[in-house]
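What follows is a set of notes on a single structure, which appears directly below.
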Amino acid sequence: MAALLLRTSRGLGACLRVATGCPSPSSCVVAAWSSARWPREGAVAWRTHAQVRHYSSSDKLSIDMDDKTGVAVLKLSNPPVNSLSLELLTELAIGLDKLEMNPSCRGVIMTSAHPHIFSAGLDVSEMMGKPTEHYREFWRAVQEMWLKLYGSSLVTIAAINGSSPAGGCLMAMCCDYRLMADNPKYSIGLNETKLGIVAPFWFRDTMMGVVGTRVTERSLQLGLMYSPAEAVHVGLVDRTVPEETVFEEARTEMARWLKIPDHARQITKSMMRKTTIDHLLAQRDSDISNFANFISKDSIQKSLTAYMQALRQPKK
Ligand SMILES: CCCC/C=C\CC(=O)SCCNC(=O)CCNC(=O)[C@H](O)C(C)(C)COP(=O)(O)OP(=O)(O)OC[C@H]1O[C@@H](n2cnc3c(N)ncnc32)[C@H](O)[C@@H]1OP(=O)(O)O
């Protein structure tokens, strides 16, 4: 059973089942079955070039999987700023799920198709002037993307080739390793308080896992955005590299991680992240209600409107 699990159902939950004994054999069987049926008909457009398979059901995200190296490249492609709309979040969760189920996939490099911006974070327009049901659906999609990325058993490397505020920083922090272009014009951080909103506990926990409690407390309260050099200094980014080499450096870093036997690395990763994941899973519905209530408040809607207006002003 352990060997079967490792090959077929590889989320971090499955890794810990291998270590501790599988409490849910039926879910393991379902995962193996859906893996065998992937890709689902109609859901995915396929092209095959030698050993590189391109699959995507959206023009906002491209995923190229190289069967020979076991490395997939996931590129965000939602102009102008790769904001995380409901559609893109949904595509991300589906794409990550497919990679997780693909037995030849061992690692993912996440990057942006657009120069200068990794991701502007959550699409603010999804959080403004919409009915409560929309906020609930949107927030569930944010949670789902986080669960898939933070809970991935694959090696995940963020090749941060531009600015990465808020939800963009969250995605990067979910990865196992972060490389950032050394361009001082770029910045990264959780700036939620500057929009008058509050990063939820699982954003906080993710950041604490990367930079520790003190830096998280200061960064979150002040909504700090860090230059690439500052981000390395506080441990938010592992290293900066010349802008034109971000992707190649990510590949080299990936090769280093792939030298570690998958099962040992996966179980270790699972041990590190399981408590944080379980915390959200236990409070998923109340977290959605909290978000929907908070974001619907008039005062918060006014704050977001003012922030977006300021963003639209010509830059000095
Ligand atoms: C209770 C809630 C808890 C958690 C919630 C939220 C987490 C989040 O992720 S909230 C989103 C926070 N994001 C930001 O604050 C980023 C804001 N954007 C920027 O700082 C800059 O746009 C950026 C540095 C990314 C890029 O700068 P520029 O290249 O100079 O582009 P522009 O600023 O001119 O923007 C172009 C265009 O995009 C619109 N935009 C930018 N960010 C967003 C966004 N996050 N959502 C929606 N739209 C966004 C911007 O308004 C411009 O629009 P137009 O003026 O209509 O062209």
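Remember, predicted model here, so these are calculated numbers, not experimental data. Counting starts at 1 for both ligands and their atoms, following the listed order.
Heavy-atom neighbours of Met272 CE from other residues, nucleotides or ligands within 6.0 Å: at or below the threshold of 12.
In this structure Phe291 satisfies the ring-ring contact (aromatic ring centres under 6.0 Å, His included) test together with Trp139, sequence neighbours excluded.
At a cut-off of 3.5 Å, with distance as the only test, no side-chain donor of Asn161 or Glu243 sits close to an acceptor on the other residue. With no hydrogens or angles considered, a side-chain donor-acceptor pair links Glu100 and Ser152 at under 3.5 Å.
Around ligand 1, the residues contributing at least one heavy atom under 4.0 Å from the ligand are Pro80, Val81, Ser83, Ile117, Ala120, Gly121, Leu122, Asp123, Val124, Met127, Trp139, Pro165, Ala166, Gly167, Asn191, Glu192, Leu195, Ile197, Val198, Pro200, Phe291, Phe294, Tyr307, Met308, Leu311, Arg312, Lys315.
If you run side chain to side chain contact (heavy atoms under 4.5 Å, CB included) between Leu92 and each of Thr90, Ile94, Leu88, only Leu88 comes through.
Arg140 has no carboxylate O lying under 4.0 Å from a charged side-chain N of Glu137, or vice versa, which leaves the two without a salt bridge.
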